[in-house]
Amino acid sequence: MSGPGAETTMQFLYALRSRGVTDPRVLSAMEAVDRGPFVRGVFAGRAYEDTPLPIACGQTISQPSVVGLMTQALQISPRDKVLEVGTGSGYQAAILAKLARRVYTVDRHARLVREAQQVWDEMGLTNITAMTADGSYGLPEQAPFDRILVTAAAEDTPGPLLAQLKPGGIMVLPVGQSDAVQTLIRVRRDETGYHYDELRPVRFVPLLEGLGKDG
Ligand code: SAH
């Protein structure tokens, strides 16, 4: 893979910074992971624009600055075990994999999981475990998690995900009606309970029940 040129990378990082992605560790993870291979077909030429793009199964690869802001809000430490719900293209998981010890990611579409796995293999990312599953139930066999990131919008925070967050843990997720503007929220769990704060308006595809037709 050739990757973007130096000037394209500079512009990509500039767009991230100008939209509030300032954490140096997040910026270097995003500099290290080429978004190009995660965008296939007719939209491949637009991989370095700060815009969401269509991927297979009618889904979307998120806008890079939103990926950056969500990753930043998670405050990941190198020893963390992270769960992502909504693998999609696999781009967000690749960024998480640069910052965390291990990343588990699930998607309801088997095809997306398979294609993302190919890209991670080509990139030599070995600390990601991907599975086809309904992520609204989390991943009980690997729980609890230090960090949880949901990249599809639910009307409410799924209870199993709250239960699978460690005390001291952080979860970031979009909440709201699927056809309206949603709110990105951060949930911190401590010994006394769960504490919520609202981060910004966002727009994500809906968190749907069950598996996709291809899987
Ligand atoms: N994080 C992705 C973008 C995800 S788009 C990236 O970096 O490209 C949202 C994804 O959530 C879609 O792929 C969709 O199939 C998935 N999804 C929706 N509901 C789900 C559910 N209940 N369980 C698992 N995945 C789900």
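Counting starts at 1 for both ligands and their atoms, in listed order. Just so you know, residue 1 is the first one in the sequence shown, and it goes up from there.
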So which atom in Phe12 and which in Tyr91 form the shortest heavy-atom distance, rounded to 0.1 Å?
CZ-OH, 3.5 Å

Going by the 4.0 angstrom heavy-atom rule, the piece of Ser89 near ligand 1 is both

For ligand 1, which atoms have a heavy atom of Ala152 less than 4.0 angstrom away?
11 (O), 18 (C)

Among all protein heavy atoms in this structure, tell me which lies nearest to atom 5 (S) of ligand 1, with the distance rounded to 0.1 Å.
Thr60 O, 3.2 Å

Atoms in ligand 1 with a heavy atom of Asp134 nearer than 4.0 Å:
21 (C), 22 (N), 23 (N)

Among Thr8, Asp34, Thr9, find the residue that satisfies the side chain to side chain donor-acceptor pair (under 3.5 Å) test when tested with Tyr48.
Asp34

Sub-4.0 Å heavy-atom approach of Glu209 to ligand 1
no

When you measure from atom 25 (N) of ligand 1 to every protein heavy atom, which one gives the shortest distance, and what is it?
Arg108 N, 3.3 Å

Looking at Asp107 and Gly88, would you say the former's side chain and the latter's main chain have a donor-acceptor pair under 3.5 Å?
yes

Residue pair Tyr104 / Met131, side-chain heavy-atom distance below 4.5 Å
yes

Distance (rounded to the nearest 0.5 Å) between Gln63 CD and Asp50 CG:
4.5 Å

Between ligand 1 and Ser62, is the shortest N or O to N or O distance under 3.5 Å?
no

Only heavy atoms of Pro206, strictly under 4.0 Å: list the atoms of ligand 1 that pass.
18 (C), 19 (N)

Apply salt bridge (charged side-chain N to carboxylate O under 4.0 Å, His left out) to residues Lys166 and Asp146 and explain how you reach the verdict.
CA-CA 6 Å; Lys166 275 187 200 172; Asp146 300 290; 3.0 Å; yes

Between the candidates Leu96, Thr151, Asp107, which shows the shortest non-hydrogen contact distance to atom 13 (O) of ligand 1?
Asp107

Please name the pair of heavy atoms, one in Gly86 and one in Thr151, separated by the smallest distance, quoted to 0.1 Å.
O-OG1, 2.8 Å

Numbered atoms of ligand 1 (with element) below 4.0 Å of His109, judged on heavy atoms
15 (O)

State the atoms of ligand 1, each with its element, that fall below the 4.0 Å cut-off from a heavy-atom position in Gln92.
1 (N), 7 (O)

Given the rule that I, L, V, M, F, W and Y join up when any side-chain heavy atoms are under 4.5 Å apart, are Val172 and Phe204 in one cluster?
yes

Looking at ligand 1, would Cys57 count as a contact under a 4.0 Å heavy-atom criterion?
no

side-chain contact (heavy atoms from CB on, under 4.5 Å) with Leu99: of Asp23, Ile76, Leu74, Val82, only one passes, and it is Ile76

Which residue and atom name correspond to the protein heavy atom nearest atom 14 (C) of ligand 1, and how close is it?
Gln59 OE1, 3.3 Å

Ala133: heavy atom below 4.0 Å from ligand 1, yes or no?
yes

Side-chain donor/acceptor of Thr71 to backbone N/O of Val67, under 3.5 Å
yes

Test item, Thr87 contacting ligand 1 (heavy atom, 4.0 angstrom):
yes

Rounded to the nearest 0.5 Å, how far does NZ of Lys98 lie from CE of Met30?
13.0 Å

Using distance alone, decide if ligand 1 has a nitrogen or oxygen within less than 3.5 Å of any nitrogen or oxygen in Ile61.
no

Does a salt bridge link Arg147 with Asp80, judged by any charged N lying under 4.0 Å from a carboxylate O?
yes

Using a 4.0 Å cut-off to any heavy atom of Leu112, which atoms of ligand 1 qualify?
13 (O)

Counting both backbone and side chain atoms, is some N or O of Leu208 under 3.5 Å from an N or O of ligand 1?
yes

Return the closest protein heavy atom for atom 11 (O) of ligand 1 as residue, atom name and distance.
Gly86 CA, 3.3 Å

Which of the numbered atoms in ligand 1 are under 4.0 angstrom from any heavy atom belonging to Val205?
5 (S), 9 (C)

If you measure every N/O of Gly135 against every N/O of ligand 1, is any gap under 3.5 Å?
yes

Is any NZ, NE, NH1 or NH2 atom of the basic residue among Arg186 and Asp197 found under 4.0 Å from an Asp or Glu carboxylate oxygen of the other?
yes

